[in-house]
Every structure is written in C-alpha cells, then in structure tokens.
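Protein chains get the first letters and strands the later ones, always in sequence-line order, with residue 1 at the start of each. Owing to the predicted nature of the structure, the values given are computational and were not obtained by experimental measurement.
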Amino acid sequence: MCVYAIAVVESSCADALCIGHVGPDLMALMAVMWVLWNPSPRAFVAAGFIGLASDLFSPGRLGTATATFLVMGYLLVRLKGKFPVQKVVWQIPAVSIAVGLSAATLGLACWLFGETSTELDTLLVRAAGVGIYTGGMALPCAMTLSWITKPTPFAV
Amino acid sequence: MLKPNHARLKTRLGSPVVQLAIGLALSVGLMCVPARHASKLKGIAIDTVSPALCAVASVRESARRVTGYLQAYINTARRLSNTKNKLIELEAENKRLSVELERLEAQARSEPGDVAGEPLLQAISVPARVLGRAARGYLERRHLLDAGSDCGIDSGALVLDAPAARLDQGANSSLRAGSLVLSGGRVWGKTVEVGPFTTSVRTVTEQGYRDVVRLASRPVQGHRIRWGPEAILEGTGERFARIRRVETTTAVSVGDMVYSAAAKGITSEPLFYGRIIRVRRPVGASHWELWMEPAVGANEPETVAVMCVELNPLRLAERP
C-alpha cells in the first residue's frame, strides 16, 4: 500500500518536488527506513521488492534498482549493529549516504547501459543532491516513526 | 533420506547471504528481460496506478483553482485595504483644505481693503515665435500672411516702409497693435499690424519707430535707479536709435540707461531699451543729440513675448 502511494506521489507530483534537476527518491527512502526500523536480519529482502517496484514505475532497465536496493539493504543490515542508527540523529546521515550511493549506482548503471546522454560527473553530482534532499525529507519520517514507536507514559 | 536434505536446503535458503545471492541472480535475470517484455510489465504497473494518478490530477486541479480563487480574493482584499487607506488620506486632505479655505475666506472678509491695493492694470505676456524668411514665404504662398489685410493691403502691393519682422501669433491670441515686444525682458520693438494669425513687428532701430522713454543714470551697486528726464525714442533705419527732446540743461552721459516709459504703472520693473552710446550737443541747440544702442542685438531672436495690457480681474470683481 505504501509502495503504491509512493509510486503515485512520485508519478504525479515529481514536478512539484523537484529542485532544478534534483528530486527526492521516495522509494529508496522507504527502503532505507524499512531496513533501519525493522530488526529482522532479512529486512533487505523487502528493500529488494521496493527496488523491483521502483524498476516497474520508472524508466530504464528492469532489475537495476532491485539489485541496488538489495545490496544497499544488506549492507545496512550488516552495519546496523555497529552504529546506533535507531537514533534519529544517525538516521538522517545514514539515509543521505545510502540513497546517494544507490542513486549514484543507478545513474552509473544507466550510463553503462547507454540509457542516458548526461555526463557521468553530472550524474554523480545529481546523485549527491538526491541523497541530501532525501536525507532532509527523512527527518519528518524518522521523527514520526520515533514518536509512533516510543512507549507512552500511560502504557501498562 | 530426503528429509534431512530438505531441512538442510531450507536452512541454507534461510541464510541472508543466500537470499541476497538469489535476489541478485533474479535482478540479473530481470536485466536480461527483452525490452518489449519489460515495457509490457511496466505498462501493467502504470495501469495499476493510473486511477490514483487521475484522482491526484483532479485534486491538484481543484487545489489550483481554489488557490487561484484565494489569491484573487487576497489581491482584492489588498486593493480594498489600499483604497480605504487612500480614502482616509483623501478625507484628511479634504478636511485640511476645507479648513484652509475657511481660513482664507475669513481672511478675505476681514481684509477687504487689500484688493484695492492691487494694480488696476496688469501685463500679460503672450509668447510668440519670430517667423523666418522661409516661414514667411510659405505663408505668403498660402495667403495666410494676413497682417494688414483688414486695411485692404494685398500681398502684391508696393511696400514703402514695411516692418521686416513677423510673429506667428495674431488676433487669435488677443494681440493688439502698439504692444511692446520683448526679448529676454528687453524691448525689441512694437506690434504694428495684427492679422488673425500673424503680427508684424517694427524693431527699435527701424524707421518710423517711436516711443516715450525715460533716461536713468548708470546703476551703482546697491543703489536704486536714479531717474532722469523723459524723451522720445526714434528709429532711423540705422544701427542705433535716436533720442530726442532732452534739454541740454539735463546731465546726460554715455552709458546712461534707457527704459520704456509706456510700461509705467503696468509692470513692477521698468522695461529696458538700451544704453546711450553717443552724446552730442550741436552748436546753439537747446536739446541733446543722443544715440542709443538697443539692448537686443541686431539678429532676430527666436522667440519673443508680446506684452498685452488688461484690467486686473481682482479690481473688476471689487466693482459693486
């Protein structure tokens, strides 16, 4: 349901969300947040499915986002134990770096498959912009999730 | 025999690394899907979200309409607010002007004698251009050179003593014959013939020019003008004008000023004619032979002002 909603938002409101050539990667944001907030060591599989959805709803070759999100999710699962990523302060840079790297990987894949005429350095700069922008958008999401999952003082 | 293998396989498949490897293998498989099949798959995915996309598009359109309406409403409210402020300012200004008007009316009622202090005659300056040779030729060709037509003078008639200068204003600007023509505040000549649209001017040095003038000694810094005798100024057709009727008993010297006596009582400042340039006393004569250099040079000025005299309307209003 969330994937469907994000696909609709990305398809219909992309022009409103873009700043120049840079827009947020909401699918990647969802995948990263899922992996960060899910304690299961197999949470990256869901990230792979989100990547598949991203592949289906975006132009380009099928499978690139699936593979990228799978690897990104797996690495996040492995690194999750080493850093206190449950804290909101750590989640924002984690999302920025992860989404930036995934956007760079997807841009690189597009460039390698010859699906884009944009220069590689431009693609990498845009990927960094996407990472920063999506990291900024992750802040309200992380705060909301933190607020929802926090035990209330009235809880028995 | 099969059961342990199945359990081992299940354990192996449950490992994250194996799951990652399977996922990557599937991804590579997806990358190898031919473009036409991939397009079909993407088309199906897009079809699933198209109803939601339509709904979002309609919501956005409605939001845009509402935003436009609100923007128009805000603009109207802002304009209304500005207009209200302007109205308040204008009302305050109106009130201030009403008070000022009342004060002036009260002042006028309490000081009725002030109007009597106003001059009876006042000078009106009518600006005019001096017509050049080409302009006069053009007007002659179109029979518009009308000065003198009232007296039955035709453009082909023989001219004995006709003034050369002509202005582009006439009776339509309420000009009359005999008015002083000024250039830069100095007397240049007089109007002679006034037609409906043009007026001829006789300059100070032209033959036939006559006017009453007043002599005055050279001004000393910080002192008022010291007036001398009145005299007659005559144009002789030469470079300088002659001044007659000044008795030899009066002290006159080169450089003395000559002012028009005709404007006395009309203008606040005397109108300047020129300076005495030559003083002669013929043997046995009882009057000086004086020559004046006009203040306006020999070249025709571009524009002039014709001084017309009229009754002061303030004094007329005072009449019961």
(message) Tell me which of these, S27(B), S39(B), A35(B), has more heavy-atom pairs under 4.5 Å with chain A than the rest.
(response) S27(B)

(request) Compare all side-chain heavy atoms of L26(A) with those of M137(A) and state whether any distance is below 4.5 angstrom. (result) yes

(message) Regarding Q91(A) and W37(A), do their side chains bring together a donor and an acceptor under 3.5 Å, going by distance alone?
(response) yes

(request) May I ask you to check whether D55(A) and T66(A) show a side-chain donor-acceptor distance below 3.5 Å? (result) yes

(request) Would you name the heavy atoms of L175(B) and V194(B) that are closest together and state the gap between them? (result) O-CG1, 3.5 Å

(request) Name the region of V49(B), side chain, backbone, both or neither, that has any atom closer than 4.5 Å to a heavy atom of chain A. (result) both

(request) Measure distances from T48(B) to the heavy atoms of chain A and classify the residue's part below 4.5 Å as side chain, backbone, both or neither. (result) both

(message) For Y69(B) and R65(B), which I'm curious about, is there any donor-acceptor pair between the side chains at under 3.5 Å?
(response) no

(message) At a 4.5 Å cut-off on heavy atoms, which part of V71(A) comes close to chain B: side chain, backbone, both, or neither?
(response) both

(request) Identify which part of S58(A) has an atom lying under 4.5 Å from any heavy atom of chain B, answering side chain, backbone, both or neither. (result) backbone

(message) With a 4.5 angstrom heavy-atom cut-off, is it the side chain or the backbone of A57(B) that approaches chain A, or both, or neither?
(response) neither

